[in-house]
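Working notes, beginning with the structure itself.
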Amino acid sequence: MPKLLNEVRNVMRTRHYSLRTEKTYINWIKQFIIFHKKRHPAELGGTEVAQFLSHLAVNRNVAASTQNQALAALLFLYRYVLKLELPWLEEVQRAKKPSRLPLVFTREEVQAILAQLTHTNWLMASLLYGSGLRLMECLRLRIKDVDFEYQQLTVRDGKGAKDRRTILPVTLVASLKQHRDRVKSLHQRDLRQGFGSVFLPHALNRKYPNASREWAWQYLFPAKKLSRDPLSGEIRRHHVGENALQRAIKGAIQAADIAKPGSCHTLRHSFATHLLEVGYDIRTVQELLGHQDLNTTMIYTHVLNRGGRGVRSPLDK
């Protein structure tokens, strides 16, 4: 099994998959092999894949998105590593995907949450709400992605490996500039100490050997400590970890005495809903969010304060 998993890692890195996706796929492939008594996947086929996926839905009661993630990992294994095509998996018992409306904060609740945060956590949370960023999109911002003149952010390699531009709130410009100056001082100190390198995607490190130490490529929200890159072994300063911001926002929701099970992503939901409330075109909101399908954005029309069709209760009349 170790030889097969190493081959999976090599193929994923050749195809430029993220380290996060690599770990997730490896985990699912391990579970698949263990489920079938450690038989080699080359000896198995569509029937065994269907059995494993049905087991996840029936016995482990996983969410539909989790089952789809496991399926994607196995399809990758067979298609790109074993060079085998699986038949159409008609016998799989699919996990049901519940139809849920996204949780949204009111404007007053957003202000109360932000008031509980300070320094970098406040700045990152403000971008999640003010620019509609996903958590990892915010953490992976680099210096070059912030355009103060045009008041916009460029999201690189977002969901679906797509780039997009979104708005930079005017109220954050001064704070972001001060934060950027502090980050620059930190980077200059790293350079003086012989470090200052940052991870570059794909083959940019080979194409531009000096780019990893250039100011423009540094993370906007760097980690406090240097760490060893798990792929190259080089000592680098990565971006801040997502757990810190997640814990800070959870704590802020509780401190603001808001009785909603919100998270970082709820701020993004609130961004979309509040834009639609004040009359912005839904296709504009779709573009800012980076949704491929308009139907994904349409769900926010059902959580507006006045309802998707502006209906008023007869009691209010």
Side-chain angles (χ1 to χ4, degrees), residues 18 20 102 104-105 107 110-111 113-114 117-184 186-187 198-202 204 211-212 214-223 237-242 244-246 248-249 263-276 278 280-292 296-297 300:
S18 70
R20 180 189 294 258
V104 172
F105 294 129
R107 288 179 175 80
V110 171
Q111 290 175 0
I113 292 168
L114 295 179
L117 299 170
T118 58
H119 307 304
T120 306
N121 284 334
W122 171 82
L123 197 52
M124 290 189 290
S126 297
L127 284 175
L128 296 183
Y129 172 67
S131 304
L133 299 179
R134 298 179 177 93
L135 173 60
M136 294 308 299
E137 290 174 346
C138 177
L139 301 185
R140 290 171 178 163
L141 283 173
R142 299 182 190 249
I143 297 299
K144 65 180 183 61
D145 298 330
V146 182
D147 191 328
F148 290 110
E149 185 175 349
Y150 285 99
Q151 295 174 0
Q152 65 184 14
L153 299 174
T154 301
V155 176
R156 302 287 183 186
D157 201 19
K159 192 172 183 179
K162 293 182 178 179
D163 295 352
R164 77 175 190 279
R165 288 191 174 92
T166 187
I167 52 178
L168 172 62
V170 178
T171 52
L172 294 182
V173 168
S175 298
L176 268 175
K177 286 183 176 179
Q178 293 174 3
H179 172 80
R180 185 185 61 174
D181 292 340
R182 291 193 294 270
V183 174
K184 189 169 188 176
L186 177 64
H187 176 57
V198 71
F199 167 78
L200 293 183
H202 310 315
L204 286 175
S212 64
E214 292 178 1
W215 165 235
W217 283 97
Q218 303 304 306
Y219 286 114
L220 181 63
F221 299 111
R237 191 176 294 279
H238 201 51
H239 60 67
V240 66
E242 64 265 36
L245 182 58
Q246 288 171 332
I249 289 181
S263 65
C264 294
H265 210 66
T266 310
L267 292 173
R268 173 175 158 91
H269 291 325
S270 304
F271 164 85
T273 304
H274 295 168
L275 285 181
L276 291 172
V278 297
Y280 282 100
D281 178 73
I282 193 168
R283 291 197 178 274
T284 300
V285 177
Q286 176 192 10
E287 183 179 344
L288 293 174
L289 291 172
H291 287 161
Q292 182 174 359
T296 307
T297 316
Y300 296 110

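Predicted model, so just to flag it, every value in this text is computed and none were measured.
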If we ignore hydrogens and angles and just use 3.5 Å, is the side chain of [X] paired with the main-chain N or O of [Y] as donor and acceptor?
X: Ser131; Y: Thr166; value: no
X: Thr266; Y: Ser263; value: yes
X: Arg237; Y: Ala223; value: yes
X: Asp145; Y: Arg142; value: yes

Answer with yes or no after comparing the ring centroid distance for His179 and Phe221 against a 6.0 Å cut-off, counting only values under it.
yes
Sorted by chain and residue number, the salt bridge (Lys or Arg N to Asp or Glu O under 4.0 Å) partners of Asp163 (sequence neighbours excluded) come out as Arg156
Residue set satisfying salt bridge (Lys or Arg N to Asp or Glu O under 4.0 Å) with Arg164, at least two apart, ordered chain then number -> Glu137
Return yes when atom [atom1] of [X] has more than 12 non-hydrogen atoms of other residues, nucleotides or ligands closer than 6.0 Å, and no otherwise.
X: Gln292; atom1: CD; answer: no
X: Glu287; atom1: CD; answer: no
X: Tyr280; atom1: OH; answer: no

inquiry  = Go through it in stages, so that I can follow the logic: the residues are Val183 and Trp215, the test is side-chain contact (heavy atoms from CB on, under 4.5 Å), and I'd like the CA-CA distance, side-chain angles, deciding distance and then a yes or no.
reply    = CA-CA 10 Å; Val183 174; Trp215 165 235; 3.9 Å; yes
On a heavy-atom basis, the closest approach of Leu288 and Ile167 is CD2-N, 4.1 Å
Closest non-hydrogen atoms of Ala125 and Leu267, given as atom of the first, atom of the second and distance, are O-CD1, 3.7 Å
Next on the checklist: Quick one, Val240 and Leu245 - any side-chain contact, counting heavy atoms below 4.5 Å?
Outcome noted: no
Worksheet item: Do His274 and Val104 touch side chain to side chain, with heavy atoms closer than 4.5 Å?
Response: yes
Those residues at least two apart in sequence (or on a different chain) that pass side-chain contact (heavy atoms from CB on, under 4.5 Å) with Asp281 are Arg283, Thr284
Side chain to side chain contact (heavy atoms under 4.5 Å, CB included) test vs Pro222 passes for just one of Leu139, Thr120, Leu186, namely Leu186
So CD of Gln111 and CZ of Phe105: to nearest 0.5 Å the spacing works out to 13.5 Å
Residues Lys177, Val173; criterion side-chain contact (heavy atoms from CB on, under 4.5 Å); working and verdict:
CA-CA 6 Å; Lys177 286 183 176 179; Val173 168; 3.8 Å; yes
- Message: side-chain contact (heavy atoms from CB on, under 4.5 Å) for Asp147 and Arg165? Distances and angles first, verdict last.
- Response: CA-CA 10 Å; Asp147 191 328; Arg165 288 191 174 92; over 6 Å; no
